[in-house]
Number of protein chains: 2
Amino acid sequence: MAPATDPGYSDGMEKDGRRRTRMDDVAARAGVSQMTVSRVIRTPDKVAAATRARVNAAMAELAYVPDMLAGGLAARRSGLIGAVISTFENAIFAETIAGLTETVETEGFSLLLGASGYSLEGEERLLHAILGRRPDGIVLTATLHTPAARQLLVGSGVAIVEAWEIPSDPVDMAVGFDNRAAGQAMTAALLDIGYRRIAFVGATGGRDVRGLRRRDGYRVALAERGLPPREVGSAALPLGIENGPAFLDEILARFPDTDAVFCSLDALAAGILLAARRRGLDVPGRLAVAGFGDFAIAQPSGLDLTTVRIAGRAIGVHAGHLLLGRMSKVPLEETIIDVGFEVVRRSST
Amino acid sequence: MAPATDPGYSDGMEKDGRRRTRMDDVAARAGVSQMTVSRVIRTPDKVAAATRARVNAAMAELAYVPDMLAGGLAARRSGLIGAVISTFENAIFAETIAGLTETVETEGFSLLLGASGYSLEGEERLLHAILGRRPDGIVLTATLHTPAARQLLVGSGVAIVEAWEIPSDPVDMAVGFDNRAAGQAMTAALLDIGYRRIAFVGATGGRDVRGLRRRDGYRVALAERGLPPREVGSAALPLGIENGPAFLDEILARFPDTDAVFCSLDALAAGILLAARRRGLDVPGRLAVAGFGDFAIAQPSGLDLTTVRIAGRAIGVHAGHLLLGRMSKVPLEETIIDVGFEVVRRSST
DNA sequence: CTGCATGATGTTTGCGCAAACATAAAAGCC
DNA sequence: GGCTTTTATGTTTGCGCAAACATCATGCAG
């Protein structure tokens with residue numbers, strides 16, 4: 001899995017034959033030892049002010065950039081944080097990644113990003129690629145699907161945060177919310193408004209573990225009132241706005257008197273809503289539509305979708321802090337963080 | 001800039017005191033030398049089939065994951081590709097990043113992602129963080145703003161691709177399109193339809209170099225017909241859908257007879273279009289609206305925006321191939337790739 | 001059977017840095 | 001002033017791996 005080809009000029013030489021500047025070069029110029037340069041970079045307090053100034057000057061003159069690969073090898077800490085998302089398709093995780101980078105970058109860490117895709121093989125390949133870089137921490141926004149993958153992570157001993165979900169059996173740490181409770185809450189909200197013939201649209205199986213949890217919540221909420229579920233969906237991923245018309249047709253064909261639809265994703269809800277409008281169905285008069293995620297599209301584009309809002313950015317920030325905390329040796333008091341959710345009612349219900 | 005804190009157990013030991021598996025361990029178990037294990041991983045053809053099988057078995061049994069940091073240090077190639085975006089806010093570059101990762105991952109490279117934000121200091125900090133990891137290549141989707149940053153990159157000798165733009169003076173390689181030409185083409189398209197009092201909304205200065213290029217194109221197209229420009233905007237970034245109402249007000253106040261608006265971004269165009277609808281203005285009858293970028297929101301959400309479509313994914317794929325090509329020693333024939341653009345007319349004009 | 005490729009493996013060394021230890025100088029202390 | 005403690009710096013060593021070179025078979029032509 002290592003790069004197969006050979007770079008043109010990364011043999012330590014630049015294009016013009018110069019060798020890359022090392023600590024030794026800086027040290028020689030400043031008239032100190034290599035170790036003192038290292039100290040100026042990592043623990044400046046332990047170096048006399050005058051010496052520090054000379055070294056800093058030398059570094060500036062030579063435009064020295066420390067080699068963190070070498071440093072990491074020696075110190076046994078790479079300064080890398082691995083982040084695993086399932087796909088770039090839906091921008092669900094962008095906020096989380098943004099919050100995560102901003103949090104860990106301030107401490108000098110960099111982000112190693114990978115998309116596992118929907119193939120199991122890809123998932124393991126990616127984990128190997130990330131673990132091989134010896135990250136100091138890993139954030140999983142994607143769900144792990146194989147026992148082997150789980151095994152690999154646990155065996156690595158790396159700090160791990162599972163995000164966007166509170167797993168019943170976490171690998172290590174976790175930041176997220178209870179998808180089941182969220183699905184139940186949204187369904188309950190629809191019931192409170194007065195809807196009784198509520199359909200659910202979303203993944204029916206396969207890889208979308210979280211969507212399935214939300215569906216479970218939907219089932220529970222209906223069961224509490226003794227109402228039968230009406231489920232429509234597909235196991236194929238990813239589901240998006242383009243599936244709206246087909247799913248709407250299916251709902252209306254199988255459950256003609258449906259008065260509300262709860263979609264496992266906003267993109268899906270947007271698709272249903274637009275399809276309904278196009279068919280001349282009054283929303284929410286004839287059919288109410290609710291989504292999940294409060295992804296950017298939802299509100300401002302005039303769809304004004306009732307949805308469940310998740311603090312995506314906060315998840316990323318918390319995940320970063322969990323990792324930083326774990327690395328600071330002070331034992332963390334709480335390693336499972338529930339950021340909750342919020343049912344936001346807008347004009348689509 | 002190095003991580004300030006100390007990890008709990010990355011001293012080469014796992015939590016339970018086990019040492020991390022190394023090549024030596026695999027070698028011992030397979031009854032070969034460490035070097036033979038290295039060969040099995042990188043150049044399996046150079047190892048006898050029987051030996052290879054033994055080594056592979058040993059690796060599997062020990063769940064060995066090669067340390068690419070150490071390997072990179074020895075081989076002077078990190079297997080990392082640095083990617084610099086300006087912000088996660090707009091999902092503009094998600095497709096490009098996706099195309100890039102998919103391209104380079106097949107060759108065993110991993111992505112090091114960083115957001116430079118809108119601060120110049122952040123830009124340099126990020127470059128240091130990335131260059132310090134000794135990437136084999138860097139893709140810039142963000143524009144470079146300081147001479148020092150440019151200097152740093154050139155001095156590093158790393159292969160560089162500037163994406164989403166064909167700079168007049170590229171640092172190294174580039175994949176993108178001519179923003180000026182695109183702005184001109186869209187304006188010309190509006191003129192061809194028959195609009196004559198066309199306003200432009202977008203960045204008026206500051207960091208959004210590409211937006212300014214598109215504005216330049218707008219000016220040229222109008223000047224060719226002897227029409228005066230009508231420009232509205234702000235230097236503050238980022239501009240988004242929420243700025244729609246204010247900009248629409250400004251347009252109608254300063255240029256009441258405007259019949260079309262060309263926005264430097266789809267998000268902005270969406271904001272203007274929605275604001276116009278809310279005011280009861282007929283789109284495109286009273287006011288036509290055109291955007292730029294064909295970002296996901298545009299079409300399916302019912303806005304049906306006329307826009308300029310850019311092959312964002314192709315940009316990422318090309319960028320990846322440029323880097324891989326540069327690293328394969330075969331001299332590249334073409335290092336500046338223009339992916340062009342496409343004016344897409346929809347119902348908003 | 002010699003000689004010389006060719007293939008398969010082993011040995012040595014160093015990538016650039018930081019941990020651990022060693023030393024030297026300065027600063028307190030009675 | 002001799003003593004310890006503290007502060008500032010230097011020296012040695014090794015992180016885990018791959019490049020370069022060395023070695024040892026084996027094959028095979030003449």
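Everything quoted here is computed from the prediction, not taken from an experiment. All chains are named by letter (A, B, ...) in the order of the sequence lines, taking the proteins before the strands, and each is independently numbered beginning at 1.
Relative to the side chain of A/S33, the nucleotides D/dA18, D/dC15, D/dG10 differ in distance, and D/dG10 lies closest. With D/dG10, C/dC15, D/dG16 as the choices, the nucleotide that has an atom nearest any side-chain atom of B/A70 turns out to be D/dG16. Considering only side-chain atoms of A/T36, the nucleotide from D/dA18, C/dG16, D/dT9 that sits closest is D/dT9. For B/Q34, the listed nucleotide lying nearest its side chain is D/dA18; candidates were C/dT9, D/dA18, C/dA18. Set against D/dC17, C/dG16, D/dA19, the side chain of A/R22 has C/dG16 as its closest nucleotide.
A salt bridge links B/R19 with B/D25: the distance from a Lys NZ or Arg NE/NH1/NH2 to an Asp or Glu carboxylate oxygen falls below 4.0 Å. Between B/D67 and A/R133 there is no salt bridge, since no side-chain nitrogen of the basic residue lies less than 4.0 Å from a carboxylate oxygen of the acidic one.
Nucleotide C/dT13 holds its P atom 15 Å from the CE atom of B/M35, rounded to whole Å. The CG atom of A/L69 sits 22 Å away from the P atom of D/dG14 (whole-angstrom rounding). In this structure, B/R20 places its CZ atom 9 Å from P of D/dG16, rounding to the nearest Å. With rounding to whole Å, A/R19 atom CZ is found 14 Å from C/dG14 atom P.
Between A/T51 and D/dA8, a side-chain N or O to OP1/OP2 separation shorter than 4.0 Å is absent. For D/dA19, neither phosphate oxygen OP1 nor OP2 lies less than 4.0 angstrom from any side-chain nitrogen or oxygen of B/R76.
Heavy-atom distances to DNA chain D give each of B/G71 and A/K46 a nearest nucleotide, and the one nearer the 5′ end belongs to A/K46.
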Next item on the list: Summarise how protein sits on nucleotides 21-28 of chain C as a single string, 5' to 3': B when a protein heavy atom is under 4.0 Å from the base, S for sugar-phosphate-only contact, - for no contact.
Entry: --------
Checklist line | A/D136 and A/L323: CA distance, side-chain angles, deciding distance, side-chain contact (heavy atoms from CB on, under 4.5 Å) verdict | finding: CA-CA 8 Å; A/D136 296 330; A/L323 291 178; over 6 Å; no
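Taking the C1' atoms of five terminal pairs at each end of the helix from C/dC1-D/dG30 to C/dC30-D/dG1, the two resulting helix axes are inclined by 30°, rounded to 10°.
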